[in-house]
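One structure follows; several queries about it will come next.
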Protein chains: 4
Amino acid sequence: MNQPRTKRGEQTKAKLLAAAEAVFAEQGYQAASISRITERARVAQGTFYLYFSSKLDLFEQLVDDLNRRVRKAMSDGAARGANRAEAEREGFREFFAFTAEHPALYRVVREAEYVSPGAMRRHYERIVEGYRDGLTRARAAGEIGDVDPEVAAWALMGVGEMIGMRYVLWPTGDDGAFGSGATPVPDDVFDEMVAFVQRALGTAASTAAAATGQDPTTQHSTSQHSTTERATAHVKEDS
Amino acid sequence: MNQPRTKRGEQTKAKLLAAAEAVFAEQGYQAASISRITERARVAQGTFYLYFSSKLDLFEQLVDDLNRRVRKAMSDGAARGANRAEAEREGFREFFAFTAEHPALYRVVREAEYVSPGAMRRHYERIVEGYRDGLTRARAAGEIGDVDPEVAAWALMGVGEMIGMRYVLWPTGDDGAFGSGATPVPDDVFDEMVAFVQRALGTAASTAAAATGQDPTTQHSTSQHSTTERATAHVKEDS
Amino acid sequence: MNQPRTKRGEQTKAKLLAAAEAVFAEQGYQAASISRITERARVAQGTFYLYFSSKLDLFEQLVDDLNRRVRKAMSDGAARGANRAEAEREGFREFFAFTAEHPALYRVVREAEYVSPGAMRRHYERIVEGYRDGLTRARAAGEIGDVDPEVAAWALMGVGEMIGMRYVLWPTGDDGAFGSGATPVPDDVFDEMVAFVQRALGTAASTAAAATGQDPTTQHSTSQHSTTERATAHVKEDS
Amino acid sequence: MNQPRTKRGEQTKAKLLAAAEAVFAEQGYQAASISRITERARVAQGTFYLYFSSKLDLFEQLVDDLNRRVRKAMSDGAARGANRAEAEREGFREFFAFTAEHPALYRVVREAEYVSPGAMRRHYERIVEGYRDGLTRARAAGEIGDVDPEVAAWALMGVGEMIGMRYVLWPTGDDGAFGSGATPVPDDVFDEMVAFVQRALGTAASTAAAATGQDPTTQHSTSQHSTTERATAHVKEDS
DNA sequence: AATGAATGAGAGTTCATTCAT
DNA sequence: TATGAATGAACTCTCATTCAT
């Protein structure tokens with residue numbers, strides 16, 4: 001409920017947040033009990049209420065915190081790109097990396113509609129806001145086609161969320177249970193998805209690459225699978 | 001637990017499923033209690049266990065049932081389209097209509113990760129399967145670009161889900177609560193989204209329209225924003 | 001929460017009410033826990049909430065029920081009196097008898113200010129109403145002096161409550177703990193109190209006795225139940 | 001736990017007692033938490049246990065303190081009276097004034113049966129002791145009738161408590177909640193109550209007045225009901 | 001087929017109290 | 001003297017599920 005006023009208190013609150021993230025990721029918000037969280041944090045149950053007024057309060061603090069961090073990661077990634085196309089690619093790369101490292105955010109937000117609609121909307125809207133502003137600037141700069149930034153931003157959000165869910169969070173097995181080691185998106189899927197998005201937006205490099213016949217997939221460094229070259233080459237041929 | 005053996009039993013089970021859908025839509029799966037469902041169905045609590053072995057069983061039956069119906073609606077919509085582009089458009093139209101009419105499906109599936117991962121994956125995979133098969137055929141027929149049908153199908157699923165969430169289910173106000181009357185997607189947003197998808201897929205008509213610069217928005221009446229003019233250029237030619 | 005719909009349910013609710021009265025009498029409302037009540041009633045904790053929506057609901061039902069019964073007892077007692085003075089005496093006699101038998105009412109009502117102010121006021125006001133109506137009629141009939149029925153009724157209520165607390169409920173010892181066997185008011189105290197009240201009201205017999213210098217307290221023996229016949233026998237002689 | 005040894009300590013303890021009185025008055029003993037009390041006193045929770053060994057200890061210290069002060073107020077009031085009748089009247093006046101100013105005492109004592117029966121009995125017995133001694137002396141002096149001082153003292157206590165509760169503490173509205181501004185007893189009710197008591201005791205002036213039939217109510221202004229005329233007949237003669 | 005009473009584990013939360021600083 | 005973090009037992013209440021009728 002109150003902010004910690006001593007170092008010890010700060011540490012305790014941090015322990016609780018970390019434990020909560022872990023427990024939420026494992027069991028989800030509803031199934032996670034305060035007692036399991038405090039147990040994992042190795043504090044007494046009563047201690048929880050020193051720093052959070054309720055389970056919901058914890059939830060909202062955690063979502064807001066993770067949301068801030070995922071947006072930071074995404075914009076840092078985008079900033080790393082030398083051009084619009086690279087910025088898009090790197091933003092998504094960071095998004096998936098964050099998802100792999102913090103599955104709690106992802107899962108808990110999807111569960112949040114009935115828990116805290118406000119927190120859920122805030123989460124999506126803030127990410128979309130980032131997309132939208134980037135798209136608006138890019139359109140003004142002629143780097144992308146004449147898309148509606150708002151609608152496109154929501155569409156991008158959807159693509160990222162669904163691809164993330166399918167390829168980052170789902171276990172490879174077919175048993176429907178969650179494996180412990182969430183894997184990042186495979187390179188070929190990632191490239192395919194980026195190409196999908198860039199065609200949808202009419203991103204310049206993509207178009208240019210299509211025009212020049214260059215294979216734009218060479219521009220990224222960390223590709224691990226050889227199957228991705230073909231990913232967006234077709235665009236030119238199609239047009 | 002068993003299938004009803006009499007007409008009366010069938011009606012009772014149907015009442016329970018309808019009540020469950022309504023209660024789930026209002027409160028979500030976790031918050032919905034058997035007693036609230038039986039109350040709404042106007043049967044005694046014990047009656048519930050005549051037809052469902054557990055709350056989870058009900059959940060899975062309901063999700064599977066709604067999934068079957070939404071896929072039917074989508075494929076009926078797509079079949080109505082005279083060409084590929086129209087099929088895409090009409091499929092989405094039905095998807096959003098179904099979402100507006102059955103918010104329970106939507107909301108409950110998002111909550112389902114920790115309730116029944118199997119049911120959740122099955123739901124998405126079945127829809128994606130439909131997309132994928134359609135895309136595979138369309139690509140073979142040269143109606144769309146050279147996209148990976150699997151990845152593109154997941155991306156489409158993501159776009160549909162997110163646009164549906166944002167524009168069909170969220171109330172217009174900013175209060176974060178859910179209004180009672182879910183509204184279908186506004187026309188201009190719908191057009192913009194369809195155009196986004198068609199550019200991403202390289203749907204034939206779309207590309208052609210983009211090339212000729214024609215404005216085909218006259219085909220539907222209620223478009224409101226100027227950003228949509230180019231979105232569906234192909235339709236005219238198609239018609 | 002709901003009324004029982006079967007015989008078994010009725011019995012269970014009755015068991016709960018009886019157990020609650022006993023536990024409230026022993027420990028008071030605040031200290032009594034639902035689990036102690038259900039334990040005493042030999043039902044599961046959850047059963048409690050079949051018939052009461054909360055601890056407070058139980059409290060209010062119990063207070064209202066006991067209030068109804070104490071007023072019945074008092075008015076039955078008063079009706080037994082052959083004249084005004086006897087009616088007063090017998091009403092008080094029943095009040096103390098009820099207090100001895102149902103200490104829960106007494107104790108719980110005094111605790112109720114912060115629990116359910118409404119229930120507390122209702123309790124007192126209903127009893128006072130009975131007094132007030134009786135006094136109003138008595139004054140009209142010239143059986144008592146010219147007192148304000150409302151204020152006098154509250155004063156009577158106060159006398160009864162305090163004498164009851166002191167002489168019925170308090171243990172004889174000085175240790176401040178509660179004995180198990182609450183004793184009814186000793187005869188001499190009872191007579192003294194009745195005389196006090198009758199002087200205050202100017203009850204006919206009392207005044208007459210005062211005038212003639214007789215000591216009306218001598219008229220009765222120490223018996224409590226069967227000895228009452230003669231209790232107000234003098235009244236007639238006095239008048 | 002210990003008595004404060006410094007000026008600062010004394011102030012802190014005083015702050016705690018004042019805060020406790022306020023919180024008890026607002027919420028009652030059971031609902032009042034140490035943390036709310038220390039919060040209101042603007043000290044840390046741990047500080048509480050420097051001066052009180054437990055919540056119960058605080059309770060008993062507070063009750064004893066307030067008891068001392070109410071008895072002082074009452075006996076000061078009584079001493080102001082020029083004769084027996086006036087002493088009675090002024091004692092009650094102070095009692096109600098104290099009740100209005102310190103509702104905590106009143107309310108908390110009624111709640112105390114299960115909290116600290118000892119403190120409760122002590123509270124009542126000390127006040128009754130004062131009444132009893134006064135009545136004993138008055139009877140010896142022939143100022144009142146031949147009443148049993150002990151029983152009459154308890155009856156007076158009851159009258160005072162009930163009238164105080166009804167007319168001082170209860171809000172005028174019918175909503176059953178407590179208003180913030182407790183009002184002292186209205187004049188007419190006060191007069192009526194004093195008359196009731198004086199008739200019960202056979203206070204000299206009262207009897208005399210009754211005999212002469214004089215109306216002495218003109219002495220105070222706000223009398224509202226006609227039923228009070230005869231109530232304080234003696235006063236005139238006394239003045 | 002249908003009822004509704006009964007269960008009991010487990011949830012979130014509060015609180016008087018202790019203790020290291 | 002004063003702080004505030006930490007404790008853990010105990011509380012009220014909910015719920016999916018079982019069972020006798």
Side-chain angles (χ1 to χ4, degrees), chain A residues 1-2 4-13 30-38 43-56 58, chain B residues 2 4-13 30-38 43-56 58, chain C residues 1-2 4-13 30-36 38 43-56, chain D residues 2 4-13 30-38 43-56 58:
Chain A
M1 182 106 71
N2 299 307
R5 247 166 274 201
T6 67
K7 274 240 170 87
R8 192 184 175 202
E10 246 169 85
Q11 286 169 352
T12 302
K13 180 168 184 180
Q30 305 268 11
S33 65
I34 305 288
S35 78
R36 256 184 283 253
I37 293 170
T38 52
V43 300
Q45 275 204 59
T47 302
F48 179 88
Y49 292 91
L50 250 33
Y51 304 108
F52 306 98
S53 64
S54 66
K55 193 184 172 187
L56 181 59
L58 160 68
Chain B
N2 299 306
R5 254 172 266 234
T6 69
K7 270 229 175 102
R8 189 183 172 201
E10 239 170 274
Q11 285 170 351
T12 302
K13 179 166 184 180
Q30 304 269 10
S33 64
I34 304 290
S35 78
R36 257 182 285 248
I37 292 169
T38 53
V43 301
Q45 274 200 70
T47 302
F48 179 88
Y49 290 87
L50 253 32
Y51 303 106
F52 304 97
S53 65
S54 66
K55 191 183 176 188
L56 182 59
L58 159 68
Chain C
M1 184 107 68
N2 300 306
R5 246 166 275 198
T6 66
K7 273 240 168 88
R8 191 181 174 203
E10 246 170 84
Q11 285 168 353
T12 302
K13 180 168 183 179
Q30 305 267 11
S33 63
I34 305 288
S35 78
R36 255 184 285 251
T38 52
V43 300
Q45 277 203 57
T47 302
F48 179 88
Y49 292 91
L50 248 32
Y51 304 108
F52 305 98
S53 65
S54 66
K55 194 183 171 185
L56 181 58
Chain D
N2 300 306
R5 254 171 267 236
T6 68
K7 269 226 173 107
R8 191 183 172 200
E10 238 168 275
Q11 285 170 351
T12 303
K13 179 166 183 178
Q30 305 269 11
S33 63
I34 305 290
S35 78
R36 258 183 284 249
I37 292 170
T38 53
V43 301
Q45 274 201 68
T47 302
F48 180 89
Y49 289 87
L50 255 32
Y51 303 108
F52 304 97
S53 65
S54 67
K55 193 184 173 187
L56 182 58
L58 159 69

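Proteins get letters first, then strands, A, B, ... in listed order; numbering begins at 1 in each. Please read all numbers here as calculations on a predicted model, not as lab measurements.
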Quiz item: For the atom pair CD (D:Q45) and OG (D:S35), what is the distance rounded to the nearest 0.5 Å?
Solution: 5.0 Å
Quiz item: Rounded to the nearest Å, what distance is computed from the CD atom of residue D:Q30 to the P atom of nucleotide F:dC11?
Solution: 12 Å
Practice problem: Using a 4.0 Å heavy-atom cut-off across all strands, classify A:F52 as base, sugar-phosphate, or nothing. | Solution: nothing
Quiz item: How many Å lie between CD1 on B:I34 and C1' on E:dT7, as a whole number?
Solution: 16 Å
Quiz prompt | Single hit among D:T12, D:T38, D:V43 for side-chain contact (heavy atoms from CB on, under 4.5 Å) with D:F48 | solution = D:T38
Quiz item: Any sub-3.5 Å donor-acceptor pair from C:K13's side-chain atoms to C:R8's backbone N or O?
Solution: no
Self-check item: Any A:R36 side-chain nitrogen or oxygen under 4.0 Å from OP1 or OP2 of E:dG10
Solution: no
Exercise. Nearest-nucleotide wise, let me know which of D:S35 and B:V43 is further upstream toward the 5' end of DNA chain E.
Key: B:V43
Practice problem: Please tell me which of D:S33 and B:T12 maps to the more 5' nucleotide of DNA chain E, matching each residue to the nucleotide holding its nearest heavy atom. | Solution: B:T12
Quiz item: Could you state the OH-P distance from C:Y49 to F:dA16, rounded to the nearest angstrom?
Solution: 17 Å
Quiz item: Taking the side chain of C:L50 as heavy atoms from C-beta outward, which of F:dT1, E:dT17, E:dA6 is closest to it?
Solution: E:dA6
Quiz prompt | Toward the 5' end of DNA chain F, by each residue's nearest nucleotide, A:T6 or C:G46 | solution = A:T6
Self-check item: Rounded distance (Å) that lies between atom P of F:dT14 and atom NZ of A:K55
Solution: 16 Å
Quiz prompt | Side-chain N,O (B:R8) to OP1/OP2 (E:dA2) below 4.0 Å | solution = yes
Practice problem: List the atom of D:F52, the atom of D:L58, and the distance in Å for their closest heavy-atom pair. | Solution: CD2-CA, 3.7 Å
Practice problem: Under 4.0 Å between any heavy atoms, over every strand shown, what does A:A31 touch: base, sugar-phosphate, or nothing? Just pick one. | Solution: nothing
Quiz item: Does any nucleotide pair with E:dA1 by Watson-Crick or G-U wobble geometry, both distances under 3.5 Å, and what is it?
Solution: none
Self-check item: Rounded interatomic separation in angstrom, taking CD from C:Q11 and C1' from E:dA6
Solution: 14 Å
Quiz item: Which part of the nucleic acid, if any, lies within contact of B:T47, taking any heavy atom under 4.0 Å across all strands shown: a base, the sugar-phosphate backbone alone, or nothing?
Solution: base
Exercise. Using atom CD of C:Q45 as one end and atom C1' of F:dA10 as the other, report the distance to the nearest whole Å.
Key: 11 Å
Exercise. Nearest whole angstrom, please: distance from the P of F:dA5 to the CZ of D:F48.
Key: 19 Å
Quiz prompt | Between F:dT21 (P) and C:R5 (CZ): distance, integer Å | solution = 19 Å
